[in-house]
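Numbering of residues begins at 1 and proceeds along the displayed sequence.
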Amino acid sequence: DAILWHPEALACQQRYLRGLFNHPNGYTKKRLCEYPHIVVIELTNEPKYVTEAAIDGERPMGSAVWAQGEQPRYLKKRYETFAEQWKAVNQKPSVARKEILPYFRAEMLRSFFAALWPIVDEAFPGGVVKSHIEYEVQNPVIAQALTGSGVQAVNVVAYWNATGLFDGGNTDWNNFLDDASVWLTRHQEQRFDGLAKIVYEFGASSSLDGYVAGAFAADFRRADIQMAAFFTYTPAAVAAYNPGWLIHYLNIEHTPNKAA
């Protein structure tokens, strides 16, 4: 995603975060940064890292879309500069781009965090837990970029899908304990380099059974998960109609078996 590297996108996010953290609540009049119970901040949700296709096919974005004449390109020039330096330092003048790409992604992440974490620190001088998605954290190059940039936790997902797809329709015929076993085994085989673990979204798609909540709790305890957020709770005023994410549904009045 260009939000990780495009200079105009980074500047936009800086303005947005400052505005968000300093926005006063219309009822309490307190700014968001004045609430003491904000403990974790993730800068962006599920970003896509730079690919070879993105380097070769960068599209006009931001002011370039309506600018006249030459369309600025940032990514390829930045990669070429980085690649030259990397080859020189590592004494690999003819290495393939595929080998350099993880290091370039790590550099993009470091630049992204360097641009935005200071705004978080400014708003929350007492400190918050800084978190980022688990993408490629199994690669030591990416893991080092995260930990070296102040990231303290990784966000992992726990969706158990009965069909392996984005399930629709009721799936209570499925034995979700099998899915619990598969998730736990995969998770325990992964490395997280000392980072705390947060499940930022979890749910068993299209299930109304309550036993699944107990299975999630047992898995999270064994996997050393320190915080977990269900996706998604539907407000009581509209819950009877389940108008949101149809396969992820929780409301104590309408899904009492799941409201553990």
Checklist line | Residue R222 excluded, over 12 heavy atoms near CZ under 6.0 Å | finding: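 Counting other residues, nucleotides and ligands, CZ of R222 stays at 12 neighbours or fewer.
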Notebook entry, point to check: Just wondering, are more than 12 heavy atoms of other shown residues or ligands nearer than 6.0 Å to CZ in R186?
Noted result: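 Yes.
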Next item on the list: Dump the intermediate steps for side-chain contact (heavy atoms from CB on, under 4.5 Å) on W173 and T171, then the final yes or no.
Entry: CA-CA 5 Å; W173 49 264; T171 59; 4.2 Å; yes
Next item on the list: For residues W160 and F216, establish whether the separation of their ring centroids is below 6.0 Å.
Entry: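 Yes: the rings meet the under 6.0 Å criterion.
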So, [X] and [Y]: side-chain donor and acceptor under 3.5 Å apart, yes or no?
X    : Y    : value
E134 : Y200 : no
Y35  : T28  : yes
N251 : T234 : no

Flag the pair [X] / [Y] as yes when at least one side-chain heavy-atom distance between them is below 4.5 Å, and no otherwise.
X    : Y    : result
K130 : F113 : no
H23  : L32  : no
R78  : S111 : yes

Note to self: Assess the residue pair I133 and Y49 against the criterion (side-chain contact (heavy atoms from CB on, under 4.5 Å)); give the C-alpha distance rounded to whole Å, side-chain angles, the decisive distance to 0.1 Å, and a yes or no.
What the structure shows: CA-CA 11 Å; I133 193 72; Y49 293 166; 4.1 Å; yes
Checklist line | side-chain contact (heavy atoms from CB on, under 4.5 Å) assessment of D56 paired with R97 | finding: CA-CA 12 Å; D56 293 330; R97 184 161 66 176; 2.7 Å; yes
Check: When hydrophobic residues are tied together by side-chain contacts of less than 4.5 Å, even through go-betweens, does V129 share a cluster with L146?
Finding: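 Per the 4.5 Å side-chain linkage, V129 and L146 are not co-clustered.
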Margin query: With clusters defined by side-chain heavy atoms of hydrophobic residues (ILVMFWY) lying less than 4.5 Å apart, directly or transitively, does I55 cluster with W5?
Written below: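 Looking at the clustering, I55 is in the same group as W5.
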Notebook entry, point to check: Hey, mind stepping through E201 and H248 against side-chain contact (heavy atoms from CB on, under 4.5 Å) and telling me if it holds?
Noted result: CA-CA 10 Å; E201 295 178 6; H248 302 299; over 6 Å; no
Note to self: Under a 4.0 Å threshold between the charged nitrogen and the carboxylate oxygen, would R110 count as salt-bridged to E107?
What the structure shows: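 A salt bridge links E107 with R110.
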